[in-house]
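To start, the structure under review is shown below, and the notes come after it.
Any value given below was found using the heavy atoms of this structure, including those in side chains, with hydrogens, waters and symmetry copies removed.
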Amino acid sequence: MTERCQHTGCAARGGIVVHGGTIAGQLTASVEISGNVSSEAEGNILKIMPPLSCGRIRHIAAVVIDESESDRGQVLFIGGWDDGGWTLAVCKVDLATGACTAQPSLLCPQGHHVIECTAARLPDRRIICVGTV
C-alpha cells in the first residue's frame with residue numbers, strides 16, 4: 001500500500017479498501033484494495049483502483065452499503081475535506097469503476113460541518129454518522 005495520511009478505510013469483500021487522504025502532502029483521489037485471493041500460493045494481493053470521479057478527499061467516513069450491485073462493491077463516503085474545504089457531501093462510490101454518485105447531504109446545524117466522523121450500518125440498513133461539529 002502507498003504511504004498516506006488523513007485517509008479512510010473500510011472492509012469490503014474480504015479485503016481492506018483505502019480511500020483518499022494525502023500522499024507526500026498532496027490530496028489524492030486514489031483507491032487501493034488489499035485482500036486475500038483464493039489460492040494460497042498467491043497470498044495477499046494489492047490492487048490499484050481507478051481514481052475517484054468525485055475528486056480528491058480526506059478526513060471522510062466510509063461504510064460499505066452494497067456489495068451486490070458492483071463487481072467490487074459500493075461504499076458511502078460521508079463528509080470530509082475536498083478541494084473546496086470542509087463538506088457535508090455524501091457520495092456513493094462504485095469500487096469497480098471509481099464512479100461517484102451524489103447522495104443527499106448530511107443534516108447539520110447551519111454554519112457547521114462534521115469533521116473527524118465515523119459511520120456504521122445499523123441492522124435495519126440505516127446508516128448512522130457521528131462526529132465533531
Side-chain angles (χ1 to χ4, degrees):
M1 296 222 119
T2 305
E3 184 177 331
R4 63 177 78 209
C5 63
Q6 302 172 331
H7 58 281
T8 193
C10 63
R13 302 244 170 136
I16 302 296
V17 182
V18 177
H19 318 272
T22 58
I23 297 174
Q26 300 295 314
L27 281 174
T28 182
S30 71
V31 178
E32 296 173 327
I33 185 166
S34 174
N36 292 322
V37 293
S38 57
S39 166
E40 288 184 29
E42 293 183 49
N44 287 328
I45 58 168
L46 173 67
K47 291 187 179 179
I48 309 298
M49 308 304 290
L52 300 174
S53 67
C54 51
R56 303 174 301 178
I57 51 176
R58 64 179 180 180
H59 290 303
I60 60 171
V63 61
V64 173
I65 56 169
D66 195 339
E67 295 194 73
S68 63
E69 292 186 21
S70 166
D71 289 342
R72 301 212 186 272
Q74 294 177 333
V75 175
L76 202 63
F77 285 164
I78 303 169
W81 177 278
D82 61 17
D83 287 326
W86 292 109
T87 179
L88 297 175
V90 177
C91 294
K92 180 171 67 172
V93 178
D94 184 318
L95 296 176
T97 64
C100 297
T101 306
Q103 305 295 303
S105 294
L106 291 174
L107 299 175
C108 193
Q110 187 173 1
H112 292 83
H113 52 267
V114 177
I115 61 172
E116 299 171 354
C117 59
T118 189
R121 191 173 192 163
L122 300 174
D124 65 5
R125 302 185 58 82
R126 290 181 299 155
I127 294 173
I128 185 169
C129 178
V130 295
T132 308
V133 226

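Between His19 and Cys10, the shortest heavy-atom contact is NE2-SG, 3.7 Å. Considering every non-hydrogen atom in both Ala89 and Ser105, the closest pair reads CA-OG, 4.2 Å.
Between the CZ atom of Arg126 and the CZ atom of Arg121 there is a distance of 12.0 Å, given to the nearest 0.5 Å. How far CG of Leu27 is from CZ of Arg4: 11.5 Å, rounded to the nearest 0.5 Å.
Residues satisfying the side chain to side chain contact (heavy atoms under 4.5 Å, CB included) criterion with Leu76, sequence neighbours excluded, are Val63, Ile65, Ile78, Val90, Lys92, Gln103, Ile127. A search for side chain to side chain contact (heavy atoms under 4.5 Å, CB included) contacts involving Gln6 returns Thr22, Arg58, His59, not counting sequence neighbours.
Looking only at side-chain heavy atoms (C-beta outward), Ile23 and Ser30 come within less than 4.5 Å of each other.
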